[in-house]
> 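Before we start, here is the structure in question, set down as structure tokens.
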2 protein chains.
Amino acid sequence: MELGHTDVTGTVQEGAREGNHNPKRCDAINSVLNRVGDKWSVLLVMSLAQGPCRFNELKRRVDGISQRMLTLTLRGLERDGLVKRTVYATIPPRVDYELTPLGHSLREPIEALGHWAFDHYECIVAARAEFDAKQ
Amino acid sequence: MELGHTDVTGTVQEGAREGNHNPKRCDAINSVLNRVGDKWSVLLVMSLAQGPCRFNELKRRVDGISQRMLTLTLRGLERDGLVKRTVYATIPPRVDYELTPLGHSLREPIEALGHWAFDHYECIVAARAEFDAKQ
DNA sequence: CAGAATCCGACGAGATACTG
DNA sequence: CAGTATCTCGTCGGATTCTG
């Protein structure tokens with residue numbers, strides 16, 4: 001995954017030339033992109049925006065997610081330090097998930113994306129219709 | 001894909017209650033998320049940031065992309081109105097791709113994401129190491 | 001040069017069943 | 001309730017080959 005002399009932050013690398021890029025920056029972009037690219041991750045982060053939530057409550061909120069994907073996605077978010085998992089040793093068991101400060105900080109760029117989506121949706125739909133009409 | 005009373009723009013819906021969400025907003029979020037979630041799309045948008053570019057030049061810039069995916073991704077971006085395709089009837093043929101104003105506007109939220117990624121990368125790597133150590 | 005078409009393998013993700 | 005463990009099927013995407 002190399003972009004020549006440009007990266008996804010939009011900054012142009014100083015001494016950039018053919019084959020000379022910033023591998024660390026590339027890794028950073030990639031891992032975050034993979035996380036944000038994952039639709040369940042984004043949905044979960046936004047579902048956890050207002051506060052802690054239990055497993056099954058999350059399952060209800062994020063309609064359509066399977067138990068398996070909910071578990072896997074939460075694990076991934078926890079591993080990345082975006083979500084904190086708290087187990088209460090009660091019967092029946094209770095597990096709360098909540099955003100860490102890092103998780104909260106991710107909301108900003110995600111919401112920026114959400115706003116862009118909403119603001120330009122009509123535009124995109126129109127473009128699609130026009131494109132399809134030509135085929 | 002429903003979020004109960006929250007959506008990815010972070011705004012809380014006015015009269016939101018169980019099962020009452022904004023389907024149009026959901027569609028908008030989804031289609032944009034799918035596009036941004038697609039790693040090649042993001043990479044291509046950023047590769048086209050500085051100006052028009054030919055097919056094979058793009059293939060060289062976005063290292064690792066297959067011809068097939070380059071074609072398909074460019075088609076998708078063109079269909080969404082993010083990229084403009086210009087064919088020059090020369091021999092050999094020449095096709096230029098460039099961002100539309102809409103495509104350029106998408107750079108902002110993408111770059112915001114890129115900056116977040118870079119700024120918090122160390123943090124994420126550390127979290128992962130800690131998480132993995134506990135297993 | 002800029003694709004279109006075909007083949008095919010790997011992996012993502014749903015459904016289902018079981019457990020502490 | 002909050003998971004884990006399989007199994008399976010669909011599609012995504014890479015490699016290869018062919019064309020105007």
Side-chain angles (χ1 to χ4, degrees), chain A residues 1-2 30-31 33-45 47-48 51-80 83-99 131-132 134-135, chain B residues 1-2 30-31 33-45 47-48 51-80 83-99 131-132 134-135:
Chain A
M1 191 69 37
E2 309 170 5
N30 266 325
S31 59
L33 233 52
N34 286 335
R35 186 136 296 307
V36 174
D38 178 28
K39 91 179 179 187
W40 297 128
S41 292
V42 174
L43 258 19
L44 282 177
V45 167
S47 281
L48 289 171
C53 189
R54 301 179 60 170
F55 186 84
N56 276 328
E57 172 62 20
L58 273 176
K59 190 157 184 282
R60 253 170 268 123
R61 282 201 207 169
V62 181
D63 191 275
I65 193 170
S66 66
Q67 194 174 44
R68 171 189 156 83
M69 288 320 291
L70 179 54
T71 302
L72 290 179
T73 307
L74 283 171
R75 285 288 177 279
L77 292 171
E78 188 192 358
R79 189 173 105 98
D80 284 2
V83 160
K84 183 185 165 200
R85 178 170 178 267
T86 309
V87 181
Y88 299 93
T90 59
I91 296 178
R94 171 195 178 117
V95 179
D96 271 16
Y97 292 93
E98 63 182 319
L99 291 185
F131 183 90
D132 293 345
K134 288 179 183 169
Q135 318 300 328
Chain B
M1 193 67 38
E2 309 172 5
N30 266 325
S31 59
L33 232 52
N34 287 335
R35 187 136 296 307
V36 174
D38 179 29
K39 90 180 182 189
W40 296 129
S41 291
V42 174
L43 259 20
L44 281 177
V45 167
S47 282
L48 289 171
C53 188
R54 301 179 60 170
F55 187 84
N56 277 328
E57 172 62 20
L58 273 177
K59 189 157 184 283
R60 252 170 269 123
R61 283 200 206 171
V62 181
D63 191 275
I65 194 171
S66 66
Q67 193 174 48
R68 173 190 156 82
M69 287 320 292
L70 180 55
T71 301
L72 289 180
T73 307
L74 284 171
R75 284 289 177 279
L77 292 171
E78 188 191 359
R79 189 173 106 100
D80 284 2
V83 160
K84 183 184 165 198
R85 178 169 178 268
T86 310
V87 180
Y88 299 94
T90 59
I91 296 178
R94 171 194 179 119
V95 179
D96 271 15
Y97 291 93
E98 63 181 319
L99 291 185
F131 183 90
D132 293 346
K134 288 180 183 171
Q135 318 300 326

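Every chain is numbered from 1, with letters handed out A, B, ... down the list of sequences.
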> What is the nucleic acid contact for A/Tyr97, judged by heavy atoms within less than 4.0 Å: base, sugar-phosphate only, or nothing?
sugar-phosphate
> Tell me the interatomic distance from B/Arg94, atom CZ, to C/dG3, atom P, rounded to whole angstroms.
13 Å
> Under the rule for side chain to side chain contact (heavy atoms under 4.5 Å, CB included), what residues qualify as partners of B/Asn56, not counting sequence neighbours?
B/Lys59, B/Arg60
> From CG of B/Asp96 over to P of C/dG3, roughly how many Å is that when rounded to an integer?
10 Å
> For B/Ile65 versus B/Val62, what's the shortest heavy-atom pair and its separation?
CG2-O, 3.1 Å
> Mind checking what makes side chain to side chain donor-acceptor pair (under 3.5 Å) contact with B/Arg85, not counting sequence neighbours?
B/Tyr97
> Determine to 10° how strongly the helix from C/dC1-D/dG20 to C/dG20-D/dC1 is bent, judged from the axes of its five-pair ends.
50°
> So which atom in B/Thr73 and which in B/Met69 form the shortest heavy-atom distance, rounded to 0.1 Å?
OG1-O, 2.6 Å
> Could you please spell out the steps behind the side-chain contact (heavy atoms from CB on, under 4.5 Å) verdict for A/Leu70 and A/Phe55?
CA-CA 8 Å; A/Leu70 179 54; A/Phe55 186 84; 3.8 Å; yes
> Treating primed atoms plus P, OP1 and OP2 as sugar-phosphate and everything else as base, which nucleotides of nucleotides 4-20 of chain C get B, S or - for protein heavy atoms under 4.0 Å?
B-B------BBB-B--B
> Give me the first and last nucleotide of DNA chain D, going 5' to 3', that has any atom under 4.0 Å from a heavy atom of chain A.
D/dC1 to D/dT6
> Run the side chain to side chain contact (heavy atoms under 4.5 Å, CB included) test against A/Pro52 and tell me which residues pass, sequence neighbours left out.
A/Asp96, A/Glu98
> Without decimals, in angstroms, what is the distance between B/Lys59 NZ and C/dC1 C1'?
12 Å
> Please list, chain by chain and in numerical order, all residues satisfying side chain to side chain donor-acceptor pair (under 3.5 Å) with A/Arg35, sequence neighbours excluded.
A/Ser41, A/Asp80
> Could you pull out the closest heavy-atom pair between B/Val45 and B/Leu99, with the gap in Å?
O-CD1, 3.6 Å
